[in-house]
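Everything on this sheet refers to the single structure shown next.
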Amino acid sequence: MHDYALTADVPLGPFEGTLVRVRSAKGKNAKLHGAGRCSQLRTRDVVVTQVPFDASVVRRMCVRCAESGCWGRPTTGLGIFLRALCGFGLLYQLQSHVAPDEDDAPDEEVRAAAQLLLSPPGDADEDDEEAREEVEWLREAVFSRWRGAATSLHLATTVAADFPWLEGWAEPKFAAKRQRLEALRAQAALFVDSEGLALAAAGAESAASGPEQLLTLRLPPVRAESVYRRDGGFVEELDAWTIGVLVTCFVEADWADRIVTLRVPAPVAARLAADSDLVGVEDSAAENGNASPAAGPSGGPRALQPGIFDDGPVFDRLPLAQDHLRVLRSALPHDDEFYAVFSPDGGVEVLPVTTIDKRLADGWQGVILAGVSDLPAKAVEPWCEEVGPRPPSGEGIWPERVREPQDPRFGWELSLADGARTAAWTVYEDRHRERNLRLLAMARGVPDLRALDGGRDGDGGARSLPLAVWQGLLAGDLPDLRPFRKPSADRRRGGSGIPLGPLADVQVYASNADPRYQGKGHSPLCRHTRERGVVHHDDLLRVTDLLTRDDFDWCSKCGGYAMRRLTDLQLSYYRASHRLHDIAEQLDSTRGGYGRPDLDVMGPRLGELAQWRPAGEKYWYGQHAQEWRAVVSDVRRKAESAGRE
């Protein structure tokens with residue numbers, strides 16, 4: 001069994017000396033642990049300290065923690081570096097495919113098996129058929145080992161290129177891997193009929209004439225999931241003919257950049273050039289019949305170092321480059337991260353990684369301030385406790401919608417607090433609960449939620465916030481806007497003409513709010529929308545637009561739009577407006593008032609509304625306050641008039 005733990009001889013480069021938090025039992029020689037829940041930390045009296053990360057710390061590491069690389073938050077520069085080394089990273093790859101396994105067949109057995117498969121089939125008896133099945137299995141095993149070794153060498157050289165200080169240390173190990181890969185390639189080539197490759201390419205009984213050509217081609221990228229399944233890597237989608245060409249016509253390769261140089265017959269070159277699965281097929285410039293070296297990475301990455309992400313003071317942050325994001329995404333392939341960034345052009349923004357990447361390609365210059373996991377725990381954890389854990393199954397989670405405006409819970413379904421519970425409780429696993437709240441906290445300050453659309457990944461999936469977080473940002477229930485509509489004889493649509501006030505500019509998102517385009521408008525949360533979340537081509541409206549326009553064509557299921565959740569100030573105004581509207585309706589017999597209004601109850605309520613101010617506001621001045629008091633005064637006059645009748 002190989003040992004894939006981090007060892008003291010691995011160069012730490014610019015991360016040497018970075019402060020890391022370690023845990024241990026008492027004693028100078030106690031093992032150090034990076035994870036507080038490490039099963040090897042068997043003491044209740046845990047000592048937590050910060051130490052400079054260096055070879056002496058590595059020597060004292062717990063083996064499990066040294067294998068996992070859990071020394072610091074994953075999205076710090078040091079965390080990314082250690083994730084690239086540990087797990088299925090560089091240390092694992094450097095010890096894989098360097099020597100024959102115990103169950104590998106020797107060259108003599110492989111050569112005999114290849115001769116049997118390539119010989120014309122005769123009148124075979126049952127024993128011969130079984131033997132042929134065995135050698136076919138051996139052929140598949142040889143090709144599988146070659147694919148695995150090639151993928152492993154690609155992954156290892158890619159990591160070393162991302163961290164240049166590792167290349168010299170890793171080179172002897174790369175030499176062993178290249179030697180093993182060449183041995184496996186030679187075994188695989190024994191099973192390929194090279195003349196048959198040319199015949200298949202020419203599509204005739206004999207190969208077309210012409211000199212051999214040198215070609216360079218770029219193999220398809222390695223999918224992250226294929227690494228963990230340990231299958232074919234970047235050649236898993238290539239057909240048998242192309243793989244046969246790779247193993248028989250191979251000259252050299254730059255495995256980090258997936259560029260392979262081949263010497264092939266003319267018809268093979270023509271077929272390769274027409275193959276859409278291979279990227280960047282070009283003629284190789286060769287002199288005197290010698291192959292030119294395959295093109296390497298252009299310029300190499302800008303080395304990752306402290307200060308790029310969040311492992312240093314904000315004042316000392318260094319400019320971000322595309323190579324830094326590439327290293328981040330290769331170390332954390334399944335995390336669609338959102339970052340708070342700063343640039344002189346845009347100020348402070350919250351953006352998905354894909355948007356940052358596109359901006360960098362266009363020359364954007366900025367720095368990363370914080371990622372989702374970087375938000376201070378002392379600010380997030382009290383909020384998590386306030387939201388509370390999801391109630392046990394079988395108990396009611398969501399309160400029924402309150403219809404009575406006088407009830408203090410009225411409008412709760414539109415609130416930020418309800419949004420936090422939705423984001424935290426609508427999860428499959430508890431470990432996603434805090435992450436959803438962190439995402440929600442970052443996204444709440446985004447001026448336009450369409451900026452959070454991260455586009456689509458290579459498989460066509462949306463790069464976006466989890467649906468639960470979108471539900472935490474947007475209210476799934478539609479607001480009741482009747483108090484703000486103009487008075488009308490229509491009892492269902494008529495209102496009290498209360499000014500929208502703080503609600504006027506509340507954002508509204510819809511998939512299609514323009515009647516000139518075919519199709520109904522849907523809420524970003526509607527099941528009829530494919531994305532299930534706000535995307536960049538959605539329409540952005542305001543609540544005031546909902547009252548001033550009557551040409552919308554909304555979906556009857558979702559209502560056509562979703563509104564951003566109301567702040568405490570906006571929610572308190574919404575509630576007060578409904579209380580005032582309820583009184584105004586009772587005073588107006590044409591809009592639903594029945595019998596004589598109860599002025600003994602109505603009077604004190606109007607008095608409270610006259611002195612009302614939004615939540616959190618000690619004093620309330622300005623246009624909104626003046627409009628509110630004018631409407632309340634008008635309703636009070638109507639109440640006094642009704643009392644004199």
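As the structure is a computational prediction, the values presented were derived from the model and not from experiment. For the numbers below, each heavy atom of this structure counts, side chains included, while hydrogens, waters and symmetry mates do not.
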Min side-chain heavy-atom separation Val98-Lys173 under 4.5 Å: no
Crowding at CZ, Arg64 (>12 non-hydrogen neighbours, <6.0 Å): no
Glu16 atom CD: more than 12 heavy-atom contacts under 6.0 Å: yes
Donor-acceptor under 3.5 Å (Gln93 side chain, Phe88 main chain): yes
Minimum heavy-atom distance Arg329-Val353, with the two atoms named: CD-CG1, 3.5 Å
Side-chain donor-acceptor pair present, Thr75, Ser373, cut-off under 3.5 Å: yes
Any donor-acceptor pair under 3.5 Å from Asp357 side chain to Thr354 backbone: no
Beyond-backbone contact of Val260 with Thr216, side-chain heavy atoms, under 4.5 angstrom: no
Passing candidate, side-chain hydrogen bond (donor to acceptor under 3.5 Å, both in side chains) with Ser152, options His97, Gln95, Lys177, Arg180: Lys177
pair Tyr339-Leu369: side-chain heavy atoms closer than 4.5 Å: no
Nearest-0.5 Å distance, CG of residue Leu238 to CD1 of residue Ile243: 5.5 Å
Min side-chain heavy-atom separation Leu215-Leu272 under 4.5 Å: yes
Nearest heavy-atom neighbours spanning Ala170 and Leu94: CB-CD1, 4.3 Å
Asp453 (side chain) donor-acceptor with His536 (main chain) under 3.5 angstrom: yes
Heavy-atom closest pair, residues Leu304 and Phe309: CD1-CE1, 3.4 Å
Side-chain heavy atoms of Pro319 within contact of Gln365, under 4.5 Å: no
From Leu246, Asp257, Ile259, residue fulfilling side-chain contact (heavy atoms from CB on, under 4.5 Å) relative to Leu219: Leu246
Ring center gap for Trp165 and Phe81 short of 6.0 angstrom: yes
Beyond-backbone contact of Val380 with Pro376, side-chain heavy atoms, under 4.5 angstrom: no
Side-chain (Gln507) to main-chain (Pro447) donor-acceptor, under 3.5 angstrom: yes
Separation between CG of Leu449 and CG of Leu540, rounded to the nearest 0.5 Å: 8.5 Å
Point-to-point distance, once rounded to the nearest 0.5 Å, from CG of Leu184 to CZ of Arg145: 8.0 Å
Any donor-acceptor pair under 3.5 Å from Arg433 side chain to Trp425 backbone: no
Heavy-atom closest contact (Ser343 atom, Gly366 atom, distance): CB-CA, 4.1 Å
Rounded distance (nearest 0.5 Å) linking atom CG of Asp254 with atom NE2 of His154: 10.0 Å
Short side-chain to backbone donor-acceptor contact, Ser511 and His522, under 3.5 Å: yes
Straight-line distance of Asp162 CG to Leu328 CG, nearest 0.5 Å: 11.5 Å
Verdict with supporting geometry, Trp364 and Asp345, side chain to side chain donor-acceptor pair (under 3.5 Å): CA-CA 9 Å; Trp364 180 82; Asp345 296 334; 5.5 Å; no
Sidechain N-carboxylate O distance under 4.0 Å for Asp362, Arg359: no
Trp255 side chain to Thr158 side chain, donor-acceptor N/O pair below 3.5 angstrom: no
Lys NZ or Arg CZ of Arg438 over Trp383 ring: under 6.0 Å, within 45°: no
Straight-line distance of Thr355 OG1 to Phe338 CZ, nearest 0.5 Å: 8.0 Å
salt_bridge(Asp505, Arg542) N-O dist < 4.0 Å: yes
For the student: nearest non-hydrogen atoms of Cys65 and Cys38, plus distance: SG-SG, 3.8 Å
Which atom of Trp241 lies closest to which atom of Leu197, heavy atoms considered: NE1-O, 3.0 Å
Trace of the side chain to side chain contact (heavy atoms under 4.5 Å, CB included) decision for Tyr509 with Arg450: CA-CA 9 Å; Tyr509 293 88; Arg450 295 177 296 184; 4.0 Å; yes
Leu473 vs Arg565 side-chain heavy atoms within contact, under 4.5 Å: no
Exam field: side chain Thr18 to backbone Phe15, donor-acceptor pair closer than 3.5 Å: yes
Carboxylate-amine/guanidinium contact Arg263 Glu252, below 4.0 Å: no
Salt-bridge present (Glu182, Arg185; N to O < 4.0 Å): yes
Distance-only donor-acceptor check, side chains Asp239 and Thr242, under 3.5 Å: yes
Val247 side chain reached by Phe143 side chain, heavy atoms, under 4.5 Å: yes
Test side-chain hydrogen bond (donor to acceptor under 3.5 Å, both in side chains) applied to Asp54 - qualifying residues, sequence neighbours left out: Ser56
